[in-house]
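Right, one structure below, let's go through it.
Worth saying up front: this structure is predicted, and the values here are computed from it rather than measured. For the numbers below, each heavy atom of this structure counts, side chains included, while hydrogens, waters and symmetry mates do not. Position 1 is the first residue of the sequence; numbering continues from there.
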Amino acid sequence: MISNHGGRTLDSIPSAIELLPKIRKALGPDYPIIVDGAIERGTDIYKAIALGANTVMVGRPQLYSLAVAGAVGVAHMLRVLREELEVTMAMMGTPKISDITAQTLYSSD
């Protein structure tokens, strides 16, 4: 689990997503990594997977959705995140989660 739960106390401390590639490299491909911190859109999920996460946790959007509309709000938020991820995958030419890699984030020029 990689998290900056509670926020970074110093402005120069790297975020969880910035450290993810180094952690993935150190742990290897078979160790499951869960990322928490600043996952608010489908594009955030895509980036986390591309940089080495196996899964992500969603905090604030879930709490905001619950506060506004209860369980229905959370269900709607999860549907929106999934749709955003699917659209991002389509735009990036990655039809399967397993197709998402760091190379898809960067131009090969």
**OP:** Might you point out which heavy atoms bring Ala16 and Ile2 nearest each other, and give the distance in Å?
**Re:** CB-CG2, 3.6 Å

Subject >> Listed once per pair and sorted, the salt bridge (charged side-chain N to carboxylate O under 4.0 Å, His left out) pairs that draw on residues 22-31, sequence neighbours left out >> reply: none

**OP:** Given side chain to side chain donor-acceptor pair (under 3.5 Å), test Asp36 with Ser3 step by step and report yes or no.
**Re:** CA-CA 5 Å; Asp36 180 34; Ser3 176; 3.2 Å; yes

Quick one: side chains of residues 76-85, donor-acceptor pairs under 3.5 Å with protein atoms, not counting sequence neighbours, listed by atom name and distance.
from, atom 1, to, atom 2, distance (Å)
His76, ND1, Arg79, NH2, 2.8
Arg82, NE, Glu86, OE2, 2.9
Glu84, OE1, Gly42, N, 2.7

Original post:
Looking only at heavy atoms, which two atoms of Ser65 and Pro61 are closest? And how far apart?
Top reply: OG-O, 2.7 Å

Original post:
Checking Thr55 side chain against Ile34 main chain: does a donor-acceptor pair fall under 3.5 Å?
Top reply: no

Subject >> Side-chain (Glu18) to main-chain (Ser15) donor-acceptor, under 3.5 angstrom >> reply: yes

Original post:
In the single-linkage hydrophobic clustering (I, L, V, M, F, W, Y; side-chain heavy atoms under 4.5 Å), do Ile97 and Tyr31 co-cluster?
Top reply: yes

**OP:** Would you name the heavy atoms of Leu66 and Ala71 that are closest together and state the gap between them?
**Re:** CD1-N, 4.1 Å

Original post:
How about Met1: does its CE atom have over 12 heavy atoms from other parts shown lying under 6.0 Å from it?
Top reply: yes

Original post:
Under a single-linkage definition using a 4.5 Å side-chain heavy-atom cutoff for Ile, Leu, Val, Met, Phe, Trp and Tyr, are Val74 and Tyr64 assigned to the same hydrophobic cluster?
Top reply: no

**OP:** Spell out, yes or no, whether Ile100 and Tyr106 are grouped together once hydrophobic residues are joined by side-chain heavy atoms under 4.5 Å, including indirect joins.
**Re:** yes

Subject >> Contact summary for Ile39 and Ile45, nearest pair of heavy atoms >> reply: CG2-CG1, 3.7 Å

Original post:
Of the non-hydrogen atoms in Ala53 and Val35, which two are nearest, and what is the gap between them?
Top reply: CB-CG2, 3.6 Å

**OP:** Indicate, with yes or no, if Ile23 and Met57 share a hydrophobic cluster defined by side-chain heavy-atom contacts under 4.5 Å among Ile, Leu, Val, Met, Phe, Trp and Tyr.
**Re:** no

**OP:** Kindly compute the distance separating CD1 (Ile33) from CG (Leu20), expressed to the nearest 0.5 Å.
**Re:** 5.5 Å

Original post:
Side chains of Asn54 and Ile49: does their closest heavy-atom pair fall under 4.5 Å?
Top reply: no

Subject >> Minimum heavy-atom distance Thr104-Met92, with the two atoms named >> reply: O-CE, 2.7 Å

**OP:** Please answer: with hydrophobic residues joined when any side-chain heavy atoms are less than 4.5 Å apart, are Val87 and Val58 in the same cluster?
**Re:** no

